[in-house]
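So the structure is just underneath, and the comments pick up after that.
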Amino acid sequence: MRNSVKKYLSEKFNRDVVIEIPKERSFGHFATPIAFSLAKELKKSPIIIAENLVKEFVNHSFFAKVEALKGYLNFTLSSDFLSSHANESLIAGENFGRNREKTEKILLEFVSANPTGPLHIGHARGAIYGDTLLKIGRHLGYKIDSEYYINDAGRQINLLGLSIFVIGNIEVLGREMKLPEEFYRGDYIIDLAREALLKFGESIFNDLNHDENISKLSHWGKDEMLIVIKNNLKAVDIEFDKYISEAELYSDWNRSLEKLKNNNGVYEVNGKLLLKSTNGGDDHDRVIVRENGIPTYLAGDIIYHNFKFERDYNKYINIWGADHHGYISRVKSAIDFLGYDSSKLEVLLTQMVSILKDGQPYKMSKRRGNFVLMNDVVDEVGSDPLRFIFASKTPDTSLQFDLNDLMVEDSSNPVYYINYAHARIDSLINKSSFSKSEIRQANLNNISDENRDLLFQALRLPEILEDSFNSRQTQKLADYLKNLASNYHSFYNSSIIIGSNYEKELLKLSLVVANTIRVGLKILGIEAKYRM
RNA sequence: GCGUCCUUAGCUCAGAUGGAUAGAGCAACGCCCUUCUAAGGCGUCGGUCACACGUUCGAAUCGUGUAGGGCGUACCA
């Protein structure tokens with residue numbers, strides 16, 4: 001709707017026209033401050049310009065009313081316009097908002113947590129934010145592939161094996177042994193050690209210097225962790241198109257390195273190879289191959305990004321935790337030296353999360369890792385509220401919330417609140433003596449102004465999705481659904497629907513609202529409830 | 001120090017490419033079930049948008065600076 005109005009006005013005035021939604025309802029559905037920008041060129045007061053412009057909109061099919069107010073042009077949409085959109089939305093059903101076919105191909109990488117432990121709550125934020133963006137984008141017709149990059153090569157995997165070995169000795173076999181500071185810890189390592197004992201027998205815990213044993217534990221442990229991670233994700237309904245293994249890509253290292261060298265992106269100092277990452281704005285150049293010939297962590301990212309760009313997408317989006325922001329300049333400079341356009345890579349950061357329960361910092365009971373596990377939270381509050389809270393907050397501010405707030409079953413919990421509106425509508429439809437098809441055929445041309453505003457709001461989903469995706473701000477969709485539900489509850493309370501002279505019309509309006517809620521929630525990864 | 005994200009009501013957070021009186025939920029206090037789900041609605045209270053200067057017809061929004069906080073600043077991942 002907004003786009004068609006914007007397009008129409010832009011063509012009419014032969015310039016880009018700013019369209020906004022006035023906060024004050026009596027000002028109409030859309031408004032434009034165009035007279036202010038024309039004032040300078042025409043050297044006339046915006047108020048007079050606006051009054052003159054109004055005259056050009058008499059008997060227009062889009063608008064029931066166009067008026068000039070303090071220099072603004074305010075547009076009230078016509079019932080014809082709204083009611084034809086309402087019909088389109090009901091016909092589209094679950095595809096409401098999907099009408100546009102985009103050609104842009106996007107590769108979206110997110111989570112990519114190391115397979116050395118279960119996902120924690122920070123990962124959950126990135127996972128849900130990324131998956132929500134993915135769902136919005138796909139609904140809008142973008143071709144998006146999702147990937148999880150597994151850091152399954154390098155020291156951290158070896159460290160996982162060592163940690164299982166040492167903790168197994170201490171906690172499972174009751175032996176005396178020192179646990180070095182940098183080792184992984186937490187109940188999940190003990191669980192792994194117990195399973196390892198069953199699988200490999202006690203002998204695997206006998207010799208710390210036995211490389212084969214550690215290697216066995218490392219690789220097996222990594223595979224187990226990957227299963228755990230995939231289960232953590234599945235619990236909030238997230239699945240990736242592809243999992244890319246660093247270890248499998250490693251054979252491509254020489255090819256990537258050649259490219260960097262050919263583009264003059266590396267140099268040698270004391271037997272080490274450095275990447276000229278200062279080109280991308282980094283503080284200093286970074287080592288990519290050590291003196292002993294072993295590539296650093298950054299090398300893996302270089303290979304992976306080479307592999308990404310060889311597959312020719314229009315855009316690459318990475319979602320990283322804020323603690324990785326220092327990596328952006330390194331990876332971007334590497335992409336440039338690989339011979340690709342680093343501006344095609346967009347890195348989105350999610351800030352830290354802290355959790356309260358009963359107003360107190362949430363600590364895992366009986367767990368000795370320092371972070372809150374994603375799985376514990378999902379077990380406690382369920383997938384829907386967690387998905388909603390992460391989708392409803394801007395990713396670039398640190399976030400704190402109380403688990404109790406997510407478990408409450410009243411209007412303070414947006415998931416319940418929105419579902420309740422949806423369930424109420426279904427209940428009305430069932431109570432009515434009219435059939436659904438009779439209701440759908442009702443004519444919405446003569447509904448009241450207030451009800452027309454509700455209809456207008458329910459039909460805004462497509463433009464909200466566009467805005468939400470383009471700005472990468474999923475909370476716009478979440479907020480929109482909450483507001484729509486709120487307005488529906490108001491509507492519900494202010495008029496009796498069943499038995500009214502306008503029963504069919506009011507129910508049709510309700511159906512439009514319900515469809516928008518259902519589609520919107522689905523995109524947020526939540527199935528709307530029909531009964532509560 | 002440098003980089004980066006942030007600072008809006010007592011609390012948790014929204015505020016569209018700068019625009020018309022700054023928004024919601026919680027908390028507090030009132031009111032509304034002889035009516036379709038009161039798991040709801042309506043209302044009151046509450047803000048020099050951290051601070052200063054600047055750009056603009058117009059700034060919570062843009063720029064510069066100051067103060068405060070998170071994160072990062074490894075030949076660790």
Side-chain angles (χ1 to χ4, degrees), chain A residues 2 16 18-24 27 31-33 36-37 39-40 45-46 69-72 74 114 116 151 154-157 159 182 269-274 281-284 286-292 294-298 300 321-329 349-352 354 356 359 389 392-402 405 408-414 416-417 419-421 423-432 463-464 467-468 470-471 473 475-476 478-479 482-483 485-486 488-500 503 506-507 531-532:
Chain A
R2 184 194 179 119
D16 192 42
V18 174
I19 303 287
E20 45 192 63
I21 313 252
K23 283 169 223 159
E24 174 62 47
F27 291 169
T32 177
F36 290 93
S37 32
K40 233 183 270 172
S45 126
L69 189 64
K70 290 196 250 175
Y72 288 86
N74 293 337
N114 289 344
T116 52
N151 285 109
R155 272 181 60 176
Q156 78 277 11
I157 297 302
L159 198 58
E182 72 272 22
V269 175
N270 301 332
K272 306 167 226 180
L273 215 53
L274 280 84
D282 200 1
D283 296 344
H284 47 268
R286 304 285 163 173
V287 174
I288 53 173
V289 182
R290 302 177 180 91
E291 250 175 308
N292 59 14
I294 298 175
T296 63
Y297 180 76
L298 186 55
D323 53 341
H324 282 68
H325 81 256
Y327 247 72
I328 298 173
S329 56
L349 301 174
T350 55
Q351 296 289 326
M352 302 293 125
S354 59
L356 302 175
I389 190 149
S392 67
K393 307 293 175 190
T394 176
D396 47 28
T397 177
S398 51
L399 170 65
Q400 184 179 50
F401 61 90
D402 196 308
D405 294 345
V408 178
E409 306 199 345
D410 64 24
S411 62
S412 68
N413 183 341
Y416 270 82
Y417 187 71
N419 268 321
Y420 187 34
R424 274 181 151 173
I425 294 170
D426 195 60
S427 164
L428 287 177
I429 300 294
N430 289 332
K431 278 225 162 65
S432 173
E463 60 206 52
I464 299 293
D467 190 22
S468 205
N470 290 336
S471 61
Q473 301 278 306
Q475 79 273 15
K476 290 181 180 179
D479 280 354
K482 208 161 57 176
N483 284 329
S486 168
Y488 189 78
H489 285 305
S490 273
F491 161 78
Y492 181 94
N493 272 272
S494 66
S495 44
I496 306 235
I497 295 161
I498 303 294
S500 143
E503 180 172 329
L506 299 179
L507 286 175
R531 203 131 309 172
M532 298 181 72

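Because the structure is a prediction, the values reported are computed rather than measured. So that the names make sense, note that chain A is the first sequence line, chain B the second, and so on, each numbered from 1.
Across all strands shown, B:U21 has no partner, as no Watson-Crick or G-U wobble contact with both distances under 3.5 Å is found. Judged by Watson-Crick or G-U wobble contacts below 3.5 Å, the nucleotide B:A74 has no partner. B:A27 makes up no base pair with any nucleotide shown, lacking Watson-Crick or G-U wobble contacts both under 3.5 Å. Pairing for B:A50 is with B:U66, a Watson-Crick or G-U wobble pair whose two hydrogen-bonding atom distances lie under 3.5 Å.
Rounded to an integer number of Å, the gap from A:Gln351 CD to B:U4 C1' is 8 Å. Atom NE2 of A:His489 is separated from atom P of B:A38 by 10 Å (rounded to the nearest Å). Atom P of nucleotide B:G15 and atom CD of A:Gln473 are separated by 6 Å, given to the nearest angstrom. Rounded to an integer number of Å, the gap from CG of A:Asp282 to P of B:U73 is 11 Å. Rounded to a whole Å, the CG atom of A:Asp323 is 12 Å from the C1' atom of B:C5. In this structure, A:Asn483 atom CG and B:C13 atom C1' are separated by 13 Å, rounded to whole Å. B:A38 atom P lies 12 Å from atom CE of A:Met532, rounded to whole Å. Distance A:Ile497 CD1 to B:C36 P: 12 Å, rounded to the nearest Å.
Put simply, the side chain of A:His325 and the base of B:G3 share a donor and an acceptor less than 3.5 Å apart. In terms of polar N and O atoms assigned as donor or acceptor, the side chain of A:Asp283 never comes within less than 3.5 Å of the base of B:A74 in a complementary pairing.
Closest approach to the A:Met352 side chain among B:C71, B:A77, B:U73 is made by B:C71 (side chain taken as heavy atoms from C-beta onward). Which of B:C6, B:G15, B:C13 sits closest to the side chain of A:Asp396 comes down to B:C6. Side chain of A:Gln156, nearest nucleotide from B:A77, B:A14, B:C36: B:A77. Side-chain proximity of A:Thr394 to B:A20, B:C36, B:A14: nearest is B:A14. Nearest to the side chain of A:Tyr297, among B:G15, B:A77, B:C36, sits B:A77. Nearest nucleotide to the A:Phe27 side chain, out of B:C36, B:A20, B:G40: B:A20. Checked against B:A20, B:C36, B:A39, the side chain of A:Glu409 finds its nearest nucleotide in B:A39. Out of B:A20, B:G40, B:G70, the shortest distance to the side chain of A:Glu20 is found at B:A20.
Residues A:Arg531 and A:Asn430 are in side-chain contact: their nearest non-hydrogen atoms beyond the backbone lie under 4.5 Å apart. For the pair A:Met352 and A:Asp323, the minimum side-chain heavy-atom distance is below 4.5 Å. Residues A:Asn151 and A:Tyr297 have side chains in contact (heavy-atom distance under 4.5 Å, counting atoms from C-beta outward). Counting heavy atoms from C-beta outward, A:His284 and A:Leu274 have side chains that stay 4.5 Å or more apart. Between A:Asp405 and A:Asn413 the shortest side-chain heavy-atom distance does not fall below 4.5 Å.
Between A:Ser411 and B:G40 there is a side-chain N or O to OP1 or OP2 distance below 4.0 Å. Considering only side-chain N and O atoms, A:Arg286 lies nowhere under 4.0 angstrom from the phosphate OP1 or OP2 of B:U73. A sub-4.0 Å separation between OP1 or OP2 of B:C42 and a side-chain N or O of A:Ser490 is present. OP1 or OP2 of B:G41 lies within a sub-4.0 Å distance of a side-chain N or O belonging to A:Tyr417. In this model, the phosphate group of B:U12 is approached by a side-chain N or O of A:Gln400 to a distance below 4.0 Å at OP1 or OP2.
Closest-nucleotide positions on RNA chain B for A:Lys393 and A:Gly499 were compared, and the one nearer the 5' end corresponds to A:Lys393. For the pair A:Pro295 and A:Asp405, both in contact range of RNA chain B, the more 5′-proximal nearest nucleotide belongs to A:Asp405.
B:G72 and B:G15 have their P atoms separated by 26 Å, given to the nearest Å. Nucleotides B:G47 and B:G41 place their P atoms 25 Å apart, quoted to the nearest Å. The C1' atoms of B:C49 and B:A22 are separated by 8 Å, rounded to the nearest whole Å. B:C6 and B:U61 have their P atoms separated by 13 Å, given to the nearest Å. Taking the P atom of each, B:U12 and B:A74 are spaced 33 Å apart, rounded to whole Å. With P as the reference atom, B:C71 and B:A52 are 29 Å apart, rounded to whole Å. A distance of about 30 Å separates the C1' atoms of B:A67 and B:A27, rounded to the whole Å. Comparing the C1' positions of B:A20 and B:A59 gives a spacing of 14 Å, expressed to the nearest Å.
Within the nucleic acid shown, A:Ala478 has no heavy atom closer than 4.0 Å to any nucleic acid atom. Contacts of A:Ala421 with the nucleic acid, taken as non-hydrogen atoms under 4.0 Å apart, are absent. No engagement by A:Asn470 is indicated, since no non-hydrogen atom pair under 4.0 Å with the nucleic acid exists. The residue A:Pro46 sits apart from the nucleic acid: no heavy atom pair falls under 4.0 Å. In this structure, A:Ser427 reaches the bases: a heavy-atom distance under 4.0 Å links it to at least one base atom across the strands shown. A:Ile19 comes within 4.0 angstrom of a base, heavy atoms only. Across all strands shown, A:Leu399 has heavy atoms under 4.0 Å from sugar-phosphate atoms exclusively, and none from any base. Among the atoms of the strands shown, none is found under 4.0 Å from any heavy atom of A:Ser37.
Annotated as anti: B:C51, whose glycosidic dihedral deviates from 0 by more than 90°.
Remark: A:Arg424 qualifies as a cation-pi partner of A:Tyr492 under the 6.0 Å distance and 45° angle criteria applied to the six-membered ring.
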Worksheet item: Can A:Gln351 and A:Leu399 be said to form a side-chain contact (heavy atoms from CB on, under 4.5 Å), step by step?
Response: CA-CA 7 Å; A:Gln351 296 289 326; A:Leu399 170 65; over 6 Å; no

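Across every non-hydrogen atom of A:Phe491 and A:Ile497, the tightest pair is CE2-CD1, 3.7 Å.
At distances below 3.5 Å, not a single donor-acceptor pair connects side-chain atoms of A:Thr32 with backbone N or O atoms of A:Ile19.
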